[in-house]
Amino acid sequence: MDPLASSHQATGEGMILSPGTHSLSESSYTAHPRFLELQEELRSALFTAVSDATPKQYLVQATTEPVLSELRHDVDLFARSPVPKPRLINYLKNWITECAPYLDKFDEARHFGVHIPILARESPGLFYAILAFSARQTERKAGLRNCHDSLELYQESIRWVSPGLQAKDPNVLVTACVLAVMELMSVSPQDWRRHVDGCAALFDCFNINGFSGGHLQAVFWCYVRMELCGVIVSNGAERTVLPLDKWVPTVSLGQASESIEDNEKRVRELFLEQSRLTPDMHANWAVYLCAKACDLVCRRTRYLELGEYDTTDPRPFHEQWNRLWDELQYWLEQRPLAILPTKSTNMQGDRMFPEIFYAHQAAISSNQLYHTACILLLEIRPPTALLSSSHLGSSVWHARRVCGISLTNPHPGNLINAIQSLYIAGKLLSHRREHIAVAKLFKVIEQTTGWGALWRLRDLEAVWGYETNEILSVI
């Protein structure tokens with residue numbers, strides 16, 4: 001069965017948007033004055049904690065084993081909530097069955113689905129954060145515009161953030177990340193930096209990175225996937241809030257004898273070593289490499305348009321490009337069995353996109369991000385760059401594989417992660433049938449996950465030369 005057709009049927013006709021509407025319930029949250037006040041209150045609390053001169057290493061303890069908060073004192077968290085208990089229980093169920101799998105798509109250990117709810121029993125801020133996230137996803141998926149359970153729970157979670165920081169609650173970073181993802185789901189992604197900068201400050205302050213271990217490592221990679229989404233949305237104008245050198249351990253960095261090439265080799269070996277232990281880390285490696293591609297695009301854009309001298313990497317541009325391209329192809333060659341396709345068929349007959357099926361959920365987005373990074377690099381390819389394979393050097397070939405992966409693998413979490421990749425790929429498609437197929441994907445993403453996607457379709461309509469909602473009105 002066509003995955004688009006089956007997903008469309010599952011959503012029900014009552015949720016279909018009219019061509020003139022915004023993303024599901026987006027406007028009711030974007031302009032809500034209380035939400036804006038709470039968002040600023042949360043950012044202020046996080047930045048105040050980071051600027052505090054007291055020791056800030058207590059969160060590192062949480063990378064090895066869960067540490068229960070001292071804040072609860074047997075408080076009945078259900079009773080304290082302004083939202084009725086039956087609805088809270090439904091939101092908790094929804095977190096386990098729908099929300100957590102979105103966030104655990106790169107994590108076989110299922111930290112968001114298993115470990116985080118256990119920690120939330122003893123951490124009020126985290127408890128209300130996951131309920132707020134679940135409530136917001138429920139509201140958006142159902143298209144509810146006058147239900148604000150999520151806002152009440154968001155407020156209750158933020159109320160516990162400052163006490164949590166003062167009490168050195170190791171779960172406050174998890175709380176901040178869950179709330180940041182909720183914000184990014186709820187409002188305009190163009191304002192992405194305001195949703196992630198507080199988290200970035202905490203990760204930097206507490207020295208948490210992609211190799212910290214435990215549930216904080218899982219939270220870190222969830223966070224940087226938001227960063228990657230943001231820099232793609234910025235279209236080459238911005239770099240990640242948390243610098244890329246903070247994504248990996250800083251051992252050996254700062255030694256005068258270590259060259260950029262030595263550091264790149266060390267990072268590659270770190271990822272490769274961990275990839276042999278779990279395919280999840282190979283998937284995270286793809287996130288890192290795609291972010292590096294975005295970073296190179298941004299630095300190139302700033303140099304050409306603003307004349308900014310690149311102090312990050314003094315090597316000539318063509319050398320940086322070649323090194324990163326080789327890193328991407330090395331990632332492809334070194335994929336463990338779980339990251340390889342289980343079945344792959346080329347375009348045949350009137351098929352617009354290849355079918356590429358993956359059994360491991362982390363393989364879906366990671367391979368898609370590989371193709372996305374290749375497209376980004378090919379857009380700025382130096383004239384002297386020589387590629388060994390003709391199809392690898394074709395942006396359209398990569399674009400069709402990006403679309404084929406989403407069409408063949410309708411995993412909801414990976415569909416969310418595909419929004420920006422589908423936009424990058426969609427810009428290269430020229431046939432109306434291809435445009436309609438991609439438009440259906442965006443519509444299914446929004447209807448089945450509650451995550452705003454149609455705004456990206458409107459961007460593509462402009463690129464394709466259509467009137468606003470012209471394609472949306474025919475699907």
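- Every residue meeting the side-chain contact (heavy atoms from CB on, under 4.5 Å) condition with S44, not counting sequence neighbours, appears here in chain and number order: T48.
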key: R300 and Q320: CA distance, side-chain angles, deciding distance, side chain to side chain donor-acceptor pair (under 3.5 Å) verdict   = CA-CA 11 Å; R300 184 64 171 168; Q320 295 184 54; over 6 Å; no
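- Between the side chain of N409 and the backbone N or O of I364, no donor-acceptor pair lies under 3.5 Å.
- The two residues P354 and T408 come nearest to each other via the heavy atoms O-OG1, 4.0 Å.
- Listed by chain and number, the residues in a salt bridge (charged side-chain N to carboxylate O under 4.0 Å, His left out) with R401 amount to none (sequence neighbours excluded).
- Without hydrogens or angle criteria, S123 side chain to L119 main chain gives no donor-acceptor distance under 3.5 Å.
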query = Please walk me through it: do K343 and E355 pass salt bridge (charged side-chain N to carboxylate O under 4.0 Å, His left out)?
reply = CA-CA 8 Å; K343 180 177 176 58; E355 293 180 336; over 6 Å; no
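- Ring geometry, Y370 versus W331: the interplanar angle falls under 30°, so the pair is classed parallel (tilted spans 30 to 60°).
- By the neighbour-count criterion of 12 heavy atoms within 6.0 Å, atom CG of L277 is densely surrounded, having more than that number from other residues, nucleotides or ligands.
- Atom CH2 of W221 is separated from atom CG of L103 by 16.0 Å, given to the nearest 0.5 angstrom.
- Legend: residues meeting salt bridge (charged side-chain N to carboxylate O under 4.0 Å, His left out) with R239, ordered by chain and number and at least two apart, are D295.
- Listed by chain and residue number, R34 satisfy the salt bridge (charged side-chain N to carboxylate O under 4.0 Å, His left out) test with E37 (two or more places apart in sequence, or in another chain).
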key: salt bridge (charged side-chain N to carboxylate O under 4.0 Å, His left out) evaluation trace for E269 with R266   = CA-CA 5 Å; E269 290 173 348; R266 179 182 64 82; over 6 Å; no
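- Listed by first and then second residue, the salt bridge (Lys or Arg N to Asp or Glu O under 4.0 Å) pairs involving residues 200-224 are D204-K246 (not counting sequence neighbours).
- Taking CG from L38 and CG from L151, the interatomic distance works out to 6.0 Å, rounded to the nearest 0.5 Å.
- For A132, the side-chain contact (heavy atoms from CB on, under 4.5 Å) partners at least two apart in sequence or on another chain are L153, Y154, M182.
- For the pair E108 (side chain) and D280 (backbone), a donor-acceptor distance under 3.5 Å is absent.
- With sequence neighbours excluded, the residues that form a side-chain contact (heavy atoms from CB on, under 4.5 Å) with A109 are D107, H111.
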query = Hey, mind stepping through S157 and F127 against side-chain contact (heavy atoms from CB on, under 4.5 Å) and telling me if it holds?
reply = CA-CA 7 Å; S157 177; F127 176 80; over 6 Å; no
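- Taking both residues in full, the closest heavy atoms of L460 and K427 are given as CD2-N, 3.6 Å, listed atom of the first, atom of the second, then distance.
- Pairs engaging residues 207-225 under the salt bridge (Lys or Arg N to Asp or Glu O under 4.0 Å) rule: none recorded [sequence neighbours left out].
- Residues passing the side chain to side chain donor-acceptor pair (under 3.5 Å) test with T138 are N94, sequence neighbours excluded.
- The only member of F220, W247, F271 that meets ring pair (Phe, Tyr, Trp, His ring centres under 6.0 Å) when paired with F211 is F271.
- Taking the ring centre of Y423 as origin, the terminal cationic atom of R456 falls inside the region bounded by 6.0 Å and 45° from the ring axis.
- We find the OH-CG distance between Y128 and L179 to be 13.5 Å, quoted to the nearest 0.5 Å.
- Among pairs with a residue in residues 87-103, those fulfilling salt bridge (Lys or Arg N to Asp or Glu O under 4.0 Å) read R87-D149, E98-K141, at least two apart in sequence or across chains.
- Shown here are the side-chain contact (heavy atoms from CB on, under 4.5 Å) partners of R159, two or more places apart in sequence or in another chain: R80, E156.
- Looking at S366, its side chain does come within 3.5 Å of a backbone N or O of A363 through a donor-acceptor pair.
- Between R323 and E261 there is no salt bridge, since no side-chain nitrogen of the basic residue lies less than 4.0 Å from a carboxylate oxygen of the acidic one.
- Of the possible polar contacts, none joining the Q420 side chain to the V233 backbone as a donor-acceptor pair under 3.5 Å is found.
- Listed for the Q137 side chain is a donor-acceptor partner under 3.5 Å among the backbone atoms of T449.
- In terms of the salt bridge (charged side-chain N to carboxylate O under 4.0 Å, His left out) criterion, E379 has no residue partners (sequence neighbours excluded).
- No more than 12 heavy atoms of other residues, nucleotides or ligands shown are found within 6.0 angstrom of CZ on R110.
- From E40, atom CD reaches atom CZ of F35 across 11.0 Å, with rounding to the nearest 0.5 Å.
- Note on ring orientation: taking the six-membered ring where Trp is involved, the planes of H371 and H398 are tilted (angle from 30° to 60°).
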